Amino acid sequence: MPLKDVLAALVVIVVWGANFVVIKFGVDEVPPMLLGALRFFFVAFPALFFVPRPRIPWRYVAGYGATICLGQFVFLFLAIYLGMPAGLASLVLQAQAFFTVAIAALVLHEAVRANHVLGIGLAIVGLVMLDMGAESTAVPWVGFVLTLLAALSWAAGNIVLKCAGQVRMLSMVVWGALLPPIPFLLLSAVFEGPDRIAASLLHLSWQTVAVVVYLSGIATLIGYVLWGRLLARHPVARVAPLSLLIPVVGLLCADWVLDEKLGMWQWLGGAVVLIGLAVNLFGARWWAALRHGAQQT
């Protein structure tokens, strides 16, 4: 991989890893559903006037907007707002890899291999360990479940993208962002109230503005564009494993910035989840290499 692509990958890993800390700052200042509306409004506008719409049926664009944009971040923003630690959220959200395998097997009838089953099993054990023996960082049950639902929404969006075929990711991100703002605003009006919406918008702080700029411009537009280019230039098997570093950055940022200290069981659980992700990604290749080595000896 050329140096410029290595640097692009590192930018995405750091940007997406730090994203969870930024979300925490955002929901401390603005109600979570209103924050979601602001994020995706500024992803779509004014970019859609300059970015051509994806050349695929609208149902795929709407499906992407409903799952990866709306569903994922309704649950994730609410989870962090309700006390889910930002660092652990970055890790638990990676359960999307296992949900993607399961949905692909059910909907697309793709084969589920032994390494997928083993990886899912390890991840489940790790996720259970995350909620055990907390020291100063408690893991609320509701936030934990909401983060898993966010991962499930992300996984459903992965299947939508797979069914859509070849598509320019920048176009998909921008035009898919047209759908979420109105549902987010409706949810905000119902659960957060018009008075709170008005007060938040009339008293926007520089921190809130910076959060929205980061979430919409950096994490969404720049992050997805760079990631899409990496996937287009290199084999998926070479690019996808880099996502394992995102929760590492997320945990470190939460520790440094938010002082989220994890207990022994949580560190062990996180390690087991990462091992499960690695087995899910590389297990078949490792097994083939072992068999090849055994045959040569």
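By convention here, the first residue in the shown sequence is residue 1. These numbers were taken from a predicted model, which means no experiment stands behind them.
The cluster map of Ile, Leu, Val, Met, Phe, Trp and Tyr, joined by side-chain heavy atoms under 4.5 Å apart, puts L170 and F49 in the same cluster. In this structure, F40 is not a member of the same hydrophobic cluster as L186, with clusters built from ILVMFWY side-chain heavy atoms closer than 4.5 Å. If you chain together hydrophobic residues whose side chains sit under 4.5 Å apart, F191 and F184 fall into the same group. Taken together through direct or relayed side-chain contacts under 4.5 Å among Ile, Leu, Val, Met, Phe, Trp and Tyr, L226 and V14 form parts of separate hydrophobic clusters. Note on I218: it does not cluster hydrophobically with W206, by side-chain heavy-atom contacts below 4.5 Å among ILVMFWY residues.
When atom types are taken as modelled, the side chain of S171 and the backbone of V167 share no donor-acceptor pair closer than 3.5 angstrom. In this structure, the side chain of T208 does not engage the main chain of L204 through any donor-acceptor pair within 3.5 Å. Looking at E192, its side chain does come within 3.5 Å of a backbone N or O of M33 through a donor-acceptor pair. A distance-only check finds a donor-acceptor pair linking the side chain of S200 to the backbone of R196 [under 3.5 Å]. The backbone N or O of A219 sits nowhere less than 3.5 Å from a side-chain atom of Y224 that would complete a donor-acceptor pair. Judged by distance alone, with hydrogens and angles left aside, the side-chain atoms of S90 form a donor-acceptor pair with the main-chain N or O of G87 at under 3.5 Å.
Minimum heavy-atom separation, V12 to G223: CG2-O, 3.8 Å. For the pair P183 and P180, the tightest heavy-atom approach, listed with the atom from each and the gap, is CD-O, 3.1 Å. Shown here for L122 and I275, the closest heavy-atom pair between the two residues is CD1-CG2, 4.0 Å. Of all non-hydrogen atoms in I23 and L215, the two that sit nearest each other are CG1-CD2, 3.8 Å.
L152 is not listed as a side-chain neighbour of Q96, based on a closest heavy-atom distance of 4.5 Å or more. Side-chain contact between V21 and W256 is absent, with no heavy atoms from C-beta onward closer than 4.5 Å. Between W227 and W16, the closest side-chain pair of non-hydrogen atoms falls below 4.5 Å. Considering only heavy atoms from C-beta on, V212 comes within 4.5 Å of L35 through its side chain. L88 is listed as a side-chain neighbour of L251, based on a closest heavy-atom distance under 4.5 Å. A 4.5 Å side-chain heavy-atom check between F25 and L258 finds at least one atom pair inside the cut-off. The side-chain heavy atoms of N19 and Y214, taken from C-beta on, include a pair separated by under 4.5 Å.
Between the CZ atom of F41 and the CD1 atom of I182 there is a distance of 10.5 Å, given to the nearest 0.5 Å. Interatomic distance, CG of L221 versus CE of M169, reported as 11.0 Å (0.5 Å rounding). Separation of atoms OG1 (T147) and CD (Q94) is listed at 12.0 Å; rounding is to 0.5 Å. M84 CE to L93 CG: the interatomic distance, rounded to the nearest 0.5 Å, is 9.5 Å. Rounding to the nearest 0.5 Å places CD1 of I197 at 6.5 Å from CG of L185. Between atom CH2 of residue W175 and atom CZ of residue R168 there is a gap of 12.5 Å, rounded to the nearest 0.5 Å.
Every residue two or more places apart in sequence or in another chain was checked for a side chain to side chain contact (heavy atoms under 4.5 Å, CB included) with L106, and none qualifies.
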Exercise. List the steps and the verdict of side-chain contact (heavy atoms from CB on, under 4.5 Å) for V211 and E29.
Key: CA-CA 10 Å; V211 164; E29 292 265 333; over 6 Å; no
Pairs of donor and acceptor atoms involving the side chains of residues 52-80, under 3.5 Å and at least two apart or interchain, shall be tabulated with distances.
from, atom 1, to, atom 2, distance (Å)
T67, OG1, G63, O, 2.7
T67, OG1, Y64, O, 3.4
Q72, NE2, I68, O, 2.9

